[in-house]
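Sharing a structure, written as structure tokens. Questions coming.
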Amino acid sequence: MSLSAQIVNLLAALLLLIGFAMLAQRRILTLIHLFAWQGVVLAASTLIVAHGTGQAHLYFSAALTIALKVLLIPWVLHRLIDRLNIRWDVETLINIPTTMLIGIALAIFAFALATPISQLASTITRSTLGIALASVLLSFLMMIVRRKAVPQVIGFLAMENGLFFAATSATYGMPLVVELGVALDVLVGTFIFGIFFFHIREQFDSLDIRHMEKLKED
Amino acid sequence: MEIALVLGVPLAGGLLLALVGHRRWAPEVNAAASLLTFAAAALLTARVIADGPMTALDEQFFVDPFNVFLVALTALVAFTTALFSRPYMRIEQHHGRVNAARLRLYHSMYQLFTFTMVLSLLSNNVGILWVALEGATLSTVLLVSLYRTPASLEAAWKYFILCSVGIAQALFGVILLYFAAEKVIGPGGSSLLWTHLYAVRGELEPTVLSLAFVFLLVGFGTKVGLVPLHNWLPDAHAEGPTPISAVLSGLLLNVALYAVVRSKVLVDGALDRSFSGGLMMGFGLLSVVVAAFFLSRQRDIKRMFAYSSIEHMGIMTFAFGMGGPVAAFAGLLHMTVHSLTKSAIFFTVGHASQATGTQSMAQIRGLIEQSPTIGWGLALGSLAILGMPPFGVFTSEFMVLTTAMHEHPWATPFLLVALGVAFAAIFGKMQPMVFGEPTAGRLPHAPALVPVFAHLTIVLLLGVYIPPYLADWYHQAARLIG
């Protein structure tokens, strides 16, 4: 296995670790930092793949990741929690050890699902597809078990990171126009989330999703 | 050229209305932009019928009978809804529910939403289709919460989170699709173009494609409102302004289903077609049955018709799942008549709840006495959506049922029971609202009822007689996807 493939595998392992760390994290500020670090790992692995394969557009994609997911979005989230004054601890629906156990089960499931496909991949990074899928599922789990609006959004953004990792690891990245479009959607989505937080707090005096369970079937 | 117009007009309209959307004449600008879009779509349709399928701008856009049919339908419903929204939003402003800033947001986003819809339909690139569908959520989410009530914020949050998570699954499906295509076509932009994918669909790796289809179906199916991924749909329809309910039901659900059907056609080339067809039939049937039983439990009039949309999307998904020319024809016809009928119903429902000041069905009574047109509109619209002959919904449902009896007899009892339950629920609730002791007051602006009766007339005509050129067009589209 070549050196770059080994580094990518290492970074993939880091990505999975960060995924689990986010699942276990109780403080919102640390959660945002972890999200930024996830972006760093993603950008680094994209750079390595770009270097190893000579795919020029991957450099661009890595730059986009750094600008958007390491700098801009964490900064916006920082500003938001400052302005909204919400540095409190994150509450979860299920306690953290149970969540971690479910997370481990999900990771195993993801690997089982990805194995037959990874075998078909010709890329240097094929063994990482399972990790990408596991990160997506872990973020999904995080969105389900968190009660507050901000961690749910971070979960959503982390899911997007996992998907981008899947794209680079399985296929050397999507076509540039698609990546740009997806990045635009993520950016606009983050701003709309931000606007939303203010509306929600104005209405409910809290960002607790529990207040938003009135619309039930009757 | 026509493609540029169809895409450019709503985009330019959206940008213009972002500046002037709060003016007194903004609703007219909105309607005019929608009319222009519709005219461009009509030109495009004429061109495609005459010259056959075409691509544009380095193959980034393409038009064939299947998507041009939906572009025309989308532009038509967007136009009539813009007509309806003129008096509707004026009355809302009169009642003090929206202010100038929110009206500007509303008008601008209305056009941008139309833009994302036609972009999803015309784009040849699966990735751009995905981006545009996500864009459709982003442009409507602040409209669902336009009134800023607790319930509307909750509905918008749910809509945003569920649809974003759902569509993220579809992105994974797109990545898998690209992964499979790249092996055959090679890396680069063209591996995600529908036209190229269709050309090589027999050579794509079946295991990857089957997994990709599951993700695509779940992802886009969330937007179609398929049970059990439908939770956002009734809330978003009930809490937003009524023109938005009308376009969500009339346009967004159709376009999401379009994405599912395109994926299905692709996957069928590489796999045994019973795989994708079976999945779609299962989801469709579940949606029909579950939605029908939820109908009778609703108290809010817009929620009830939202569940009816889930039911009808289920019927279409089932029809496309069965496949074959007749079922595909029926599915396309059902798309048309459902869009037209459901938006007409939402127009009357919007005015009815403005006149009575409530969306609770128990308090809406005797519409026909206070305003015969609203009353008749609701009565006829409900009968049409319930599949009473001679309306067009009857024709398409009849075709779906007979095909199902012939090919999948086990499914017919479920469909028949669900249609019966839906009939009892909607008819039983519609009757006292239309007749009975009136509770309605006067509206400060004349309601827009031309769109209602225009839609119902088209649906009626389609039930009695499908003109040969239209039938030919449906056949062409059905051949593409059957």
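On a predicted model such as this, the values are computed, not experimentally measured, just so you know. In what follows, chains carry the letters A, B, and so on, assigned in the order in which the sequence lines appear, proteins first and then strands, with residues in each chain numbered from 1.
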### Query
Angle class for the W157(B)/F193(A) ring planes (parallel below 30°, perpendicular above 60°, tilted otherwise)?
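W157(B) vs F193(A) ring planes: perpendicular.
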### Query
Between D185(A) and W130(B), does a side-chain contact (heavy atoms from CB on, under 4.5 Å) hold up when you go through it step by step?
CA-CA 10 Å; D185(A) 274 350; W130(B) 184 91; 4.0 Å; yes
### Query
Taking atom NE2 of H199(A) and atom OG of S152(B), what is their separation to the nearest 0.5 Å?
10.0 Å
### Task
Name the member of V165(B), L138(B), L211(B) that forms the most heavy-atom pairs with chain A at distances under 4.5 Å.
L138(B)
### Task
Over all heavy atoms of both residues, which pair between V131(B) and V182(A) is shortest? Give the atoms and the distance, please.
CG2-N, 3.6 Å
### Query
What part of M174(A) lies closer than 4.5 angstrom to a heavy atom of chain B: side chain, backbone, both or neither?
both
### Summary
The interface call for A156(B) against chain A, heavy-atom contacts under 4.5 Å, is both
### Summary
Answer key: most heavy-atom pairs under 4.5 Å with chain B among L133(A), V136(A), I195(A) is L133(A)
### Residue pair V178(A) / Y178(B), side-chain heavy-atom distance below 4.5 Å
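Side chain of V178(A) against side chain of Y178(B), heavy atoms only: no contact under 4.5 Å found.
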#### Entry: chain A contacts, top residue of L171(B), T207(B), V174(B) (heavy-atom pairs, under 4.5 Å)
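It is L171(B).
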## Note on the structure
When the 4.5 angstrom heavy-atom criterion is applied to E160(A) and chain B, the contacting part is side chain
### Task
Rounded to the nearest 0.5 Å, what's the gap from CZ on R148(B) to CD1 on I200(A)? Could you check?
11.5 Å
### Task
Tell me, for F140(A) versus chain B, whether the close heavy atoms (under 4.5 Å) come from the side chain, the backbone, both or neither.
side chain
#### Entry: Heavy-atom closest pair, residues L192(B) and P175(A)
CD1-CD, 3.8 Å
#### Entry: Interchain contact, E205(B) with chain A, by part (heavy-atom threshold 4.5 Å)
side chain
### Side chain / backbone / both / neither for F160(B) at chain A, heavy atoms under 4.5 Å
side chain
